[in-house]
Amino acid sequence: MEELLKKLVYTGVGITAFTIEKIQEVVDKLVAEEKLTVEEGKKIVDEFVDSTEAKKSEFEEQLKTLAEKFTSSLNFDFDKITSMFKGGDSEEVEILKARIEALEAAQAKTATPKKAPAKKTTTSSEASKA
């Protein structure tokens, strides 16, 4: 789970870097076309980067909170589960054991005994060939 969250954060960082790069390209193009001054372009890019950094920290905190809530919601009683498999005093285990014994006994009563395979009889001519 932690690895998945790390990958999600890294993906977000990659997308952000890509977006900053594209914004820089657009600003450079606008500066080249003299629709923006260099100072205005720099200001736009810097404001975007600052805004992104602030949101990144907020996003990471939200992810951590979400991960903690998720892992705490998976609260298993491992001691109870372990005792059931060890054959502890669990009532459910005793009920299941009784049912298995009853089914085995019923199966033993209804099972037909298998006949032994018939022995192959050899004739005297077959015996003399061997």
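Computed from a predicted model, the values in this text were never measured in an experiment.
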(request) Using atom types as modelled and distance alone, determine if a side-chain donor or acceptor of Glu40 lies under 3.5 Å from a backbone N or O of Thr37. (result) yes
(message) Going by side-chain contact (heavy atoms from CB on, under 4.5 Å), name the residues that satisfy it together with Val31, two or more places apart in sequence or in a different chain.
(response) Val27, Leu36, Val38
(message) Using the side-chain contact (heavy atoms from CB on, under 4.5 Å) criterion, which residues pair with Lys55? Sequence neighbours excluded.
(response)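 Lys55 satisfies side-chain contact (heavy atoms from CB on, under 4.5 Å) with Ser51 only.
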(request) Quick one: list whatever passes salt bridge (Lys or Arg N to Asp or Glu O under 4.0 Å) with Glu25, sequence neighbours left out. (result) Lys22
Reported [atom1]-to-[atom2] distance for the pair [X] and [Y], which is rounded to 0.5 angstrom:
X: Arg99; Y: Glu104; atom1: CZ; atom2: CD; result: 13.0 Å
X: Ile20; Y: Asp46; atom1: CD1; atom2: CG; result: 10.0 Å
X: Phe18; Y: Ile23; atom1: CZ; atom2: CD1; result: 11.0 Å

(request) Verify the neighbour count for atom CD of Glu33: are there more than 12 heavy atoms of other residues, nucleotides or ligands below 6.0 Å? (result)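 Enclosed: over 12 neighbouring heavy atoms sit under 6.0 Å from CD of Glu33.
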